[in-house]
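Shown next, in structure tokens, is the structure this report addresses.
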Amino acid sequence: MPLWIPVTIFAAFMQNLRFLLQRHLKVTGLSTAGATWARFAYSAPLVAALAFGYLWLSGQATPTADLRFWAFLIPGAMGQILATMCVVALFAFRNFPVGVTLAKTEVILSAIIGLILLGDTVSPGLVAAIAIGFVGVVLLSDPPKGDTSLPLRQRLFNRASGYGLASGLLFGVSAVGYRGASLALDSGDVFLRASLTLAAATAVQTLTLGLWLALRQRGEIARVAASWRVSAAMGLASMLGSLGWFTAFTLQTAAVVKALGQVELVFTFLVSVFWLKERSSAKEIGGVVLILASIGLIFWRSV
């Protein structure tokens, strides 16, 4: 079995745990930006220690981060900040599995972005898979208890679907950016390049969003510090998940990795049913099934 497969499944599990902890922070008092920053602030020192510790123990030369590296990394880091904020905000409108599933349109969008920026090919079969996924997104976008007298356009293009599709697009930009940055490093084994790329990204994210909070939401940093028990656990889950994603991106194209990574939806529905006691409508389940089918076709056509 190729190494990227178990690494991706592990990353998906840790990402699901991180989303659950972020949801808890959001519903218990933190702002959208505060719950997002907590992820980066508590994981950044752990990632830096791991990356530079491995660099020292392995005895490898430090890779050179040239302009191409930063040209991919900075958009990827900013895209991940905005995408995470969209997902956290989305939880206020739709239940946990629907919110996560809408964000998973990143798989479809990653294939398109990867084609444009990195030259990753998209076959006719992948185009068909993208079309199936679009139908699933349409089903999920229509609120289960919406006013059926409203025009279909207003029911489908609402705030929840907007957050979901925006997060998918931005996560797609982030995934391709991180893959490009990792590949731009001129030396080092897979784990070293992945961990150093992750360390650089989380440092940029912590400083950028932290500065924004200090200027725009002055009391939020103190509230994040007060929530250290949950935030620290989320930071650890974020570090482990991100390290898994970065390693997988170094080994395989972003679209294929993200396609397999949708196994996270299985974890999401288990958490929703057995822990959060949430229920989904038949239409929402149908939308999820179509998106899973789209993801499965992308994976099948790509390996």
Side-chain angles (χ1 to χ4, degrees), residues 1-18 39-40 43-77 79-80 83 106-107 110-111 113-115 117-121 171-205 235-264 295 298-299 302-303:
M1 178 185 297
L3 178 61
W4 69 270
I5 293 178
V7 169
T8 298
I9 294 172
F10 171 77
F13 177 81
M14 298 309 299
Q15 178 164 291
N16 183 72
L17 177 59
R18 188 252 298 169
R39 168 198 176 178
F40 303 122
S43 65
L46 298 175
V47 173
L50 178 66
F52 289 102
Y54 181 73
L55 175 65
W56 178 68
L57 290 173
S58 65
Q60 300 179 68
T62 304
T64 300
D66 58 11
L67 183 60
R68 177 178 171 83
F69 172 84
W70 294 107
F72 275 111
L73 183 104
I74 293 176
Q80 189 177 30
E106 65 177 304
V107 178
S110 290
I113 298 168
L115 169 66
L117 296 182
L118 298 178
D120 296 334
T121 59
F171 273 132
V173 170
S174 176
V176 174
Y178 288 155
R179 172 169 164 77
S182 182
L183 293 176
L185 293 176
D186 62 352
S187 64
D189 62 23
V190 169
F191 187 80
L192 179 62
R193 283 184 284 147
S195 60
L196 288 176
T197 302
L198 177 58
T202 53
V204 169
Q205 290 163 332
L236 178 60
S238 177
M239 180 198 73
L240 294 174
S242 295
L243 192 59
W245 290 125
F246 277 53
T247 303
F249 291 151
T250 306
L251 294 168
Q252 182 56 272
T253 62
V256 176
V257 169
K258 286 297 187 178
L260 178 60
Q262 304 323 297
V263 69
E264 178 190 352
I295 289 161
I298 291 173
F299 180 66
S302 302
V303 296

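In this structure, Leu50 and Phe191 have side chains that are in contact, with non-hydrogen atoms separated by less than 4.5 Å. In this structure, Arg39 and Ser242 have side chains that are in contact, with non-hydrogen atoms separated by less than 4.5 Å. Annotation: side chain of Phe72 is not in contact with side chain of Thr197 (no heavy-atom distance under 4.5 Å). Put simply, the side chain of Val7 does not reach to within 4.5 Å of the side chain of Trp245, judged on heavy atoms.
A donor-acceptor pair is defined here as one N or O able to donate and one able to accept, closer than 3.5 Å; such a pair exists between the side chain of Arg193 and the backbone of Gly188.
Note that the OG1 atom of Thr64 and the CG atom of Asp186 stand 4.0 Å from one another [nearest 0.5 Å]. Between the CG atom of Leu73 and the CD atom of Gln80 there is a distance of 10.0 Å, given to the nearest 0.5 Å. Atom CD1 of Ile9 is separated from atom CH2 of Trp4 by 9.0 Å, given to the nearest 0.5 angstrom. Taken to the nearest 0.5 Å, the CG atom of Leu196 stands 7.5 Å off from the CZ atom of Phe69.
Listed here is the closest heavy atom pair of Pro75 and Trp70: CD-O, 3.9 Å. Listed here is the closest heavy atom pair of Phe10 and Leu240: CE2-O, 3.6 Å. The heavy-atom pair separating Leu46 from Met239 by the smallest distance is CB-SD, 3.3 Å. A pairwise comparison of heavy atoms in Val47 and Ser195 identifies CG1-O, 4.1 Å as the closest pair. Across all non-hydrogen atoms, the minimal contact from Gly241 to Ala11 is O-CB, 3.5 Å. Summarising the geometry of Leu192 relative to Ala51, their closest heavy-atom pair is CD1-O, 4.3 Å, with the distance given to 0.1 Å.
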Practice item. Dump the intermediate steps for side-chain contact (heavy atoms from CB on, under 4.5 Å) on Leu236 and Met14, then the final yes or no. Key: CA-CA 9 Å; Leu236 178 60; Met14 298 309 299; over 6 Å; no
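Residue Leu67 places its CG atom among 12 or fewer non-hydrogen atoms of other residues, nucleotides or ligands, all under 6.0 Å distant.
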